[in-house]
Amino acid sequence: MSADFTSLLQYSASRCPGKDGKMKFDSILSEVNGFGKFQIRLVLIQMLSRVTLPCHFLLNNFMAAVPSHHCNISALDDGSIFRNLTLPQKLAVAIPAEQDGTRSSCQMFSKPQYQYLSDSNSSQATSRVQCQNGWVYDNSTFKSTLATEWDLVCSRKGMNRATATFFFAGVMAGAPLFGFLSDRFGRRPLLLVSYLSSLTFAVLSAFSPSYIMFVIMRFFTGLSLAGISIIAIVLNVEWFSIDHRTFAGVIISLDWTLGNFLMVAIAYCVTEWRMLIVAVSSPLILATIAWRWLPESARWLAANGKADAAHRYIMKCAEMNNTTKCMASITPMTLLESVETETGDKKYTFVDLFRTPNIRKLAICSGIVWYGVAFTYYGISLNISGFGLSPYLTQFIFASTEVPMKIGIYFFLEKIGRRLGQMTALLGTGLCLFINMFVSKDQSVIRTTVAVLGKAMSEASFTIIYLYTTELYPTVVRQNGLGYTSVLARLGVSMSPLIMLLEDVWYLLPAVTYCAAAVCSGLVASLLHETLNSRLPEFIEDIEKPR
């Protein structure tokens, strides 16, 4: 069957009434133009808030950066010889050298070792101790970071990594919470709650006087931002017609790319971590002002019996898209009937994802793939300091690859398919991680090139999995399936920053872990079925007994 004929069938099905003669909601949306000025304005308004997501999700690359540092050696000043030495000489007699020739970041000599002034290879036994009076940091790149503020280095470096984990734990908790609340009280009011709470907790975290208060505020910032992350996507999807949802999904994902560029620009100009948090959160002020022009989901209003309000929004959509002629046959009662046809009487829950064999297999496999996609993506994205380049340049290069990659992904998905695309992206990510394990750190150009390819493949896997998951799950449990996979993804994100602590066991262990996760999840993706040019499943029976 040709793609054009398949598209014609899908278009006709979307416009035809159901078996009982009632018009479906997607048919109504197509009548008023499901991809017009109304939808474009919706995307542009939501862009104001969505660009803050990558700014906060990847903020630790700059806010928690660890500049070059060494022990504070001022206590070794004995008032005679030491005082008259130059800084390089003081470091030579006070700070031991590592095997690679660099000065230790975490150790010092208990007293000056003047023999190193004349013989750098002296074999005389020396007494090494941990830093006794704090550290001295290189402030040439960052004026201040979390590491320099609270000395989160050496034995306390795990606390620095944990700041990202606390944030993503909040995102993990916020996804199901805002999903439940938005289903009960509506998309629009919960978006406002998310805007205001995100802005409030972000500012509170920026002015936290202690580490404990900071991580608590970051947890609640992540929880609040989860609302923007999931509600904005749902609201957009519920206003786009079926034949434009794939294209709309790619366009909406470009908000993340724009946010990446915005974050690099702001971080380059604002090198003090407290002001950096305030700066990247400032677009939420504009989003809160523009909220008054956001529409509520007409589909949600109709499903909750608010037919008159749903009809008003559909009328606004028709007026803006110049399709008011079709509104003569669309009444509040028509909207109620369209949703009743789709939902039916049975209520489905999370448990239904595991009741029967095929849907259980789908839930397990998609959950593993989501975990692997998020785990490897943030493993690469949150560790940009190991490529030998400026963190600003590395982040800019990463962001620059996203636009052409996403354009290419759109055509790949239309011609080749979702399953092969997901497998290729994840296995390609694993291959790049594997190659970089054997490239020395002094070869910064090669390491960065391979890392950029890996980041692009990882970004591709994230773009594909969003669309793929919505097509795999039946309509009756689609929201539950997305919520379940989202929680597993956030679990992977929460664990990802802590994996870097394994370098103390073996310096290649973090890279091996990320590589294994990418390869394993890519192989599991092969167990999912293809959805290209396939009708979306409506009921669990369509998965268990496909026709």
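Numbering of residues begins at 1 and proceeds along the displayed sequence.
- Arg299 has its side chain out of reach of Trp239: every pair of non-hydrogen atoms, C-beta onward, lies at least 4.5 Å apart.
- Within a 6.0 Å radius of CE in Met159, more than 12 heavy atoms belonging to other residues, nucleotides or ligands are found.
- By the 6.0 Å contact criterion, CZ on Phe166 is open, its count of non-hydrogen atoms from other residues, nucleotides or ligands being 12 or less.
- Residues Ser281 and His56 bring a donor and an acceptor atom of their side chains to less than 3.5 Å of each other.
- Although no hydrogens or angles enter the test, the distance criterion places no donor-acceptor pair under 3.5 Å between the side chain of Gln395 and the main chain of Val264.
- At distances below 3.5 Å, not a single donor-acceptor pair connects side-chain atoms of Arg161 with backbone N or O atoms of Met500.
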| request: Take Phe261 and Phe396, measure what ring pair (Phe, Tyr, Trp, His ring centres under 6.0 Å) needs, and give me the verdict at the end. | output: CA-CA 7 Å; Phe261 284 119; Phe396 180 82; 5.5 Å; yes

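- Counting heavy atoms from C-beta on, the side chains of Glu459 and Trp256 come closer than 4.5 Å.
- Expressed to the nearest 0.5 Å, how far OG1 of Thr163 lies from CZ of Phe167 amounts to 10.5 Å.
- When atom types are taken as modelled, the side chain of Asp255 and the backbone of Arg50 share no donor-acceptor pair closer than 3.5 angstrom.
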| query | Stepwise, does the side chain to side chain contact (heavy atoms under 4.5 Å, CB included) test hold for Phe62 with Ile266? | reply | CA-CA 10 Å; Phe62 304 99; Ile266 294 176; over 6 Å; no

| query | Passes side chain to side chain contact (heavy atoms under 4.5 Å, CB included), Ser49 versus Tyr195? Steps please. | reply | CA-CA 8 Å; Ser49 62; Tyr195 293 166; 3.4 Å; yes

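- Counting only distance, with no hydrogens or angles, the side chain of Arg418 and the backbone of Leu413 share a donor-acceptor pair below 3.5 Å.
- Taking the centre of each ring, Phe462 and Tyr377 come in below the 6.0 Å mark.
- In this structure, the side chains of Ser205 and Phe201 stay at 4.5 Å or more apart for every pair of heavy atoms.
- A donor-acceptor contact shorter than 3.5 Å is absent between the side chain of Glu402 and the backbone of Leu254.
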| Test log, rule side chain to side chain contact (heavy atoms under 4.5 Å, CB included), inputs Tyr473 and Thr485 | CA-CA 11 Å; Tyr473 281 97; Thr485 53; 4.0 Å; yes

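- Atom-to-atom distance recorded for Glu541:CD and Ile359:CD1 is 10.0 Å, nearest 0.5 angstrom.
- Between the side chains of Lys406 and Thr257, at least one donor N or O sits under 3.5 Å from an acceptor N or O.
- Side chain of Arg419 to backbone of Glu530: no donor-acceptor contact under 3.5 angstrom is found.
- Among all heavy-atom pairs drawn from Val66 and Ala147, the shortest one is CG2-CB, 4.1 Å.
- Taking CG from Asn160 and CG from Leu501, the interatomic distance works out to 9.5 Å, rounded to the nearest 0.5 Å.
- Between the Ser496 side chain and the Phe375 main chain, a donor and an acceptor come within less than 3.5 Å of each other.
- For Phe220, the CZ atom sits in a loose shell: 12 or fewer heavy atoms of surrounding residues, nucleotides or ligands are nearer than 6.0 Å.
- Proximity of a side-chain donor or acceptor of Thr531 to a complementary backbone N or O of Glu471 within less than 3.5 Å is not detected.
- Residues Gln46 and Leu294 have side chains in contact (heavy-atom distance under 4.5 Å, counting atoms from C-beta outward).
- Under the 4.5 Å side-chain criterion, counting only non-hydrogen atoms from C-beta, Met63 is in contact with Arg218.
- One N or O on the side chain of Trp291 and one on the backbone of Arg188 form a donor-acceptor pair closer than 3.5 Å.
- Counting heavy-atom neighbours within 6.0 Å of Phe412 CZ, excluding the residue itself, gives a total above 12.
- Between Glu296 and Arg187, no side-chain nitrogen of the basic residue sits less than 4.0 Å from a carboxylate oxygen of the acidic one, so the salt-bridge criterion is not met.
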| field | Candidate pair Val193 and Phe185, rule side chain to side chain contact (heavy atoms under 4.5 Å, CB included), full reasoning | value | CA-CA 11 Å; Val193 171; Phe185 300 106; over 6 Å; no

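- Aromatic pair Tyr514/Phe434: centroids not less than 6.0 angstrom apart.
- Looking at every heavy atom in both residues, Ala65 comes nearest to Thr145 through O-OG1, 2.9 Å.
- Rounding to the nearest 0.5 angstrom, the gap separating the CD1 atom in Ile231 from the OG atom in Ser194 is 6.0 Å.
- Between Leu225 and Thr52 there is a side-chain heavy-atom pair separated by less than 4.5 Å.
- Between Leu262 and Pro283, the shortest heavy-atom contact is CD2-CG, 4.3 Å.
- The shortest distance between side-chain heavy atoms of Ser366 and Tyr468 does not fall below 4.5 Å.
- Side chains of Trp370 and Thr469: a donor-acceptor N/O pair is present below 3.5 angstrom, by distance only.
- When side chains are defined from C-beta on, Leu223 counts as touching Phe178, because their heavy atoms get closer than 4.5 Å.
- Between Phe214 and Trp150, the ring-plane angle classifies as tilted under the 30° and 60° cut-offs.
- Rounded to the nearest 0.5 angstrom, Thr424 OG1 and Met457 CE are separated by 6.5 Å.
- Distance alone, capped at 3.5 Å, places no donor-acceptor pair between the Thr448 side chain and the Val445 backbone.
- Considering only residues two or more places apart in sequence or on other chains, Phe168 meets the ring-ring contact (aromatic ring centres under 6.0 Å, His included) condition with Phe57, Tyr378.
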